[in-house]
Each structure stands twice: as structure tokens, then as C-alpha cells.
Amino acid sequence: MSVNTGIVRLLEEHAEAQVRQIFNQVRIDGTVSAQMRSAVFCVFGYDDELQANTVTSTCQEALGRKFEAYPAPGEPLKQFVVIREDISSFLRLLDPEWPGEGSYSKSPRELVDQWDRALNPVPRLLAAGTMIENLRRKSGPKDDRDPHGYVWIKFPVEALKGTTQDAELCNQGFSRWMQENAKVVAIAPEKSDEELIPAGTDIDQLVSDLDTYKNVILEGVAGSGKTHTLEALKVAYSNRTSVLVFHPSTSYEDFVVGLRPNLDSFEVVPGPFLRMCERATRDPEQNYLLFLDEINRANTARVLGDLLMVIEPSKRSTVQVDTGAGLDEPLEHWLWQTKDFHTVLTDSELHEQSKLNSVELQTSLPGDRRHLVVPPNLHIIGTMNTTDRSVGTIDLALRRRFWWKTQEVLAGKRLEVALGKDRAQELEKVIAWHEHVNQKLNDAVGPDARLGHSYFFTEDATAKDIAEALVQQLAEIAHIFNLNAETVAAFFDDSGTRLPNEMRLYAHGRGLGRRFLTVPSSTTPS
């Protein structure tokens, strides 16, 4: 079987991260199906030749050129397969009762997760990788687009239910397939990864970390895009998310469960954590996300209280619930009756499932429900601003329950790539000054003193607008870290990195009363 794929540019191994960054951005835009096509290449294992022939003929008849199967050399019960179709459609073709949902994000990890939910006659998935084609923004005049030009990226092949030899067989099959079906032109970045590839956060990797560690802290300086990451996570979790902003008044009663006034009495009101546990428990096939913005602005030890043990990955448990006990309740989740919560057990229910890890709530729900079980498909991510020294820190007991990731600042070439060529040229002077100042701040103070990059992505912001915002942030950093006037002046004295209108800071006042104010350098401070 041969497919005319036109001219294909196969990205070399070291260019992969650059394209993945673009892929993540497309996913954030929410238009992945319109902007690219993706496919999987894998090795199938069959029980016998009859099963192999049945699967192959069924798929070729239904999917046509979207399904290609090649016999593995010397392995009659193995096939190299290319599926240019959403994987859920393929699985549903083989098993109409398959319960999974579609996804355009086809990492090998997600493939095996979907395969595990499928029943016979689906063959064994021994190894798999993913491909992305036509990875280019569909902008500009129609005539400028080349319908025969494709960019392909090969994600790493993983041995799933097979062996390392199966993974190698999958790699070899992909290489042969490319040679037979396309004219391949290998391309690589003009500069090294470190110079060209944006840093930031790889959303696919972040979702993978959440799946592995369950609890993640994303820390970074002000303006590094931590909160913006939420938009990408909403796409990844199909909006199965709940967002809270922690503040000094946030309490255990707000977050978990507590008594709240209702007319002339008090009633037990479950907080967002309990409700997310219930949503995840009632839908065990999907992952749910609790997003805690500015987590260190609250007294976290007090807010989380007795949850410290049961939120650990090894202490999560799956509650066996009665499928007829209100799981198909049509009401929205905020209208669920607390006496019916499946994630909070009574004494007798806990006794029947004695192997569950649970913690006794400080306030019981109606119906003597008091033992909370945290499901494994509830993921928690908190964000922390590392610049602000006025907020609290996370104590050691809580720190070890979370996997820590740093949201890096984009600067220089990395920022130019993320902004795009035209926008980068428009903001050339501000980008150069931003990189210059961040290098000096990193050397003189440390990484927590750097300026963020989020101002550059403000819609319709001019170079002057961005410069003013950056200088204002620098004024706050100078105050927080008690920088002297000479150090601050040096940020503006490099003739090669002058800001629009030559804005700068000058010190007003002395000692504890000193503040840094913003003025154009052409203005004489009074």
C-alpha cells in the first residue's frame, strides 16, 4: 500500500522540542483539528492469523487510506500499523461498546490508557509512537500555503505491552514507511536548542507529571505565565477543572468542609475539594484537576489540615460505588445531596472496604458520612510566586507531598521564537533590554528577581506599554530586594539596550522611605 504524502520535512531528533512548543500553543488555541493532522504508528500483536486478517480487512474496508498495515519481517503474528484517524474512532470500529472518548493528543502514554479500556477483538498494542503532520499556522494569503508541504515530527517510540525489540521494530517500520511513501528532507534548527527553543512549560509533560505525581507545584517569578498555563490545562482536561485563588483568609472550612449559616441555623457545606473528590469518584475513567492559584498566600498547613496523608499518591484509593446509586443523577454537581457523597464513607461502608486509605473529617456530612477517600484521578496543581517575599512559604511536610516544577522566564531568542518574527521585530528594543536586565538581576540578586515575560503577550500592547509595565515591575523588585541606586541606574545605562522614550528609574527619598519612581530619562527629576 502506498500513500502520496508529497514533500515531507522530517524533523531531526534535536528539533523535536521546538515543534512540541508550537504543538502545545495550537492546543491552547483550541483549534488543533483545524490546524494539523496527527497519526500513530505502532506494532500490533495478534493471537493467530485469523485475528490478524479480520482486524486488517475490517479497518481497511472502513478507514481506507487512513489505515495501513505491513507484516513484520520474520514475525507472522506482528504488524507495523499506521493509523491516520482519531484513535477512539479506530477502537470503536473494532469494539462498538468501547467506553472511551476521543482525543487529539496521542502520546504513547495516552494510547495505552485508551487501549486498556478496550475489549476484544482489539489486538495487543506492543509499541507505539506518534506523528504530527502539516504543522504550520494557516495564516496569510491562500496562495502562500503549500498543500504538498508537510512537517512531520516523530515522538519517541515506547514499548508498551511489548519488549524493547518491539519498540525497535516500530522504529524500523516507521523509517521504511517514510522512505517508501514520501520524499524526505531532514531539517534542523538554524541554532542550538538552548538558543532557539522556548523554555516555559511543556503542557504535555506537565499533564504527564500530574498523572504520575498527582500533586504538582508550579513556581516562578511574577509574570512568567503560571496562571496562563491554566488555559492549556483546561483543554487537556476537557474543562473537568475547578479553580481557586488562595488568600490569607482561606480556611479549612472554605476549602474542605465546614458549618455555614442558613437563615436561623447552621448547615454542613462541602468545599470545592470535597466536591472535586466526588466528581472524580463518580467518573473514574476521566482525570479531574483542582487548580490552586497563589497557594502560598494562605496558611496551607491550616487550610489542608488532615488531608496531608490522603493526598499522597500512594495513599489514594478507589471507592467501589453502587452503579445504581445516583451516578446517573442529571443534576449539576453543585446540586448533589451531601448525604449521597460516595467519596465520604460511613463507618459501615469503610468497614466493608477496610483496605481503603481514609481520613476522618473534622465535620461530618449528613448521614454520618465522615471518612474521606481521595481518588487517584483527582490531580492538584498549585502556583507560587517566588518573587513576592511578603507571602508565606510551604512547610516541609507539605512540600514533600508535591512534585515541584519551575516556570522558566522567556528572554532573548527564546522570547522572539514564542512571539513570532513580525512581533519580535516590532518589540526588538524592549526584548533586548529585558534580556539585559534579567541577566544582571540573575547575577546580582538571583533568579527570583527576574522580570517576567507575560507583558509581551498582552493583546494590542505597544512597545511603550510593555516597557512601562516592565519598568514598574523592576521598581517593585528594587524595593523588595533593597537594591541600591547605583545598581538600578546600571540597568538603563547600556547604550545598546535603551527603552522607548528612554524610560528609567530614579531613587526618591532616603533610607526606609526611599522609593524608585519611573520617569523618561529626558525629564529632570525634581
Side-chain angles (χ1 to χ4, degrees), residues 17 20-21 24 27-28 105 107-110 112-113 156 158 198-222 224-237 240-246 255-256 272-273 276-277 280 286-301 303-318 357 359 372-388 391-409 447-448:
R20 289 194 65 176
Q21 179 73 20
N24 288 334
R27 289 183 60 193
I28 292 172
S105 178
S107 70
R109 181 189 298 271
E110 289 163 326
V112 74
D113 287 345
E158 294 185 8
T201 295
D202 184 328
I203 298 301
D204 284 339
Q205 185 59 50
L206 181 57
V207 171
S208 177
D209 289 339
L210 282 163
D211 194 37
T212 302
Y213 303 106
K214 311 304 180 188
N215 313 309
V216 171
I217 294 289
L218 186 62
E219 60 177 353
V221 303
S224 59
K226 299 181 298 298
T227 305
H228 180 70
T229 304
L230 172 62
E231 299 306 314
L233 289 172
K234 284 182 177 179
V235 174
Y237 283 82
R240 294 185 297 273
T241 57
S242 180
V243 183
L244 287 86
V245 180
F246 274 18
F255 184 60
V256 185
F273 181 81
M276 282 301 288
C277 285
Q286 302 290 346
N287 290 326
Y288 284 74
L289 180 70
L290 184 58
F291 189 96
L292 308 177
D293 200 22
E294 304 285 1
I295 188 173
N296 58 325
R297 288 193 173 276
N299 183 337
T300 50
V303 172
L304 298 180
D306 45 26
L307 302 180
L308 283 186
M309 181 189 75
V310 287
I311 65 172
E312 286 190 56
S314 61
K315 301 298 189 296
R316 303 291 189 97
S317 298
T318 300
N357 292 305
V359 65
L372 172 65
V373 177
V374 178
N377 60 325
L378 174 60
H379 302 163
I380 304 170
I381 185 169
T383 66
M384 276 185 58
N385 182 348
T386 57
T387 302
D388 194 350
V391 297
T393 57
I394 304 293
D395 64 62
L396 185 60
L398 186 58
R399 286 185 71 92
R400 74 177 188 84
R401 265 80 179 186
F402 284 82
W403 179 255
W404 290 71
K405 292 180 69 72
T406 299
Q407 177 89 353
E408 295 293 345
V409 174
D448 291 346

Do [X] and [Y] come within less than 4.5 Å of each other through their side chains, counting heavy atoms only?
{"X": "P376", "Y": "T318", "value": "yes"}
{"X": "I381", "Y": "L206", "value": "yes"}
{"X": "V310", "Y": "V373", "value": "no"}
{"X": "W404", "Y": "R399", "value": "yes"}
{"X": "F273", "Y": "L244", "value": "no"}
{"X": "I295", "Y": "I217", "value": "yes"}

Are any side-chain N or O atoms of D209 and backbone N or O atoms of W403, one a donor and one an acceptor, separated by less than 3.5 Å? no
Short question: side chain of Q407, backbone of G220 - any donor-acceptor pair under 3.5 Å? no
Mind checking what makes salt bridge (Lys or Arg N to Asp or Glu O under 4.0 Å) contact with [X], not counting sequence neighbours?
{"X": "E294", "answer": "R297"}
{"X": "R316", "answer": "none"}
{"X": "D293", "answer": "none"}

Nearest heavy atoms of [X] and [Y], plus distance in Å:
{"X": "K226", "Y": "M384", "answer": "CE-O, 3.2 Å"}
{"X": "A222", "Y": "N385", "answer": "N-OD1, 3.4 Å"}
{"X": "N377", "Y": "A280", "answer": "ND2-O, 2.9 Å"}
{"X": "L210", "Y": "L233", "answer": "CD1-CD2, 4.4 Å"}
{"X": "N215", "Y": "P313", "answer": "ND2-CD, 4.2 Å"}

List in chain and number order the residues that pass side chain to side chain donor-acceptor pair (under 3.5 Å) with [X], two or more places apart in sequence or in another chain; answer none if no residue qualifies.
{"X": "N357", "value": "none"}
{"X": "Y237", "value": "H379"}
{"X": "E219", "value": "none"}

Tell me whether the rings of F246 and F255 are parallel (<30°), tilted (30 to 60°) or perpendicular (>60°). perpendicular
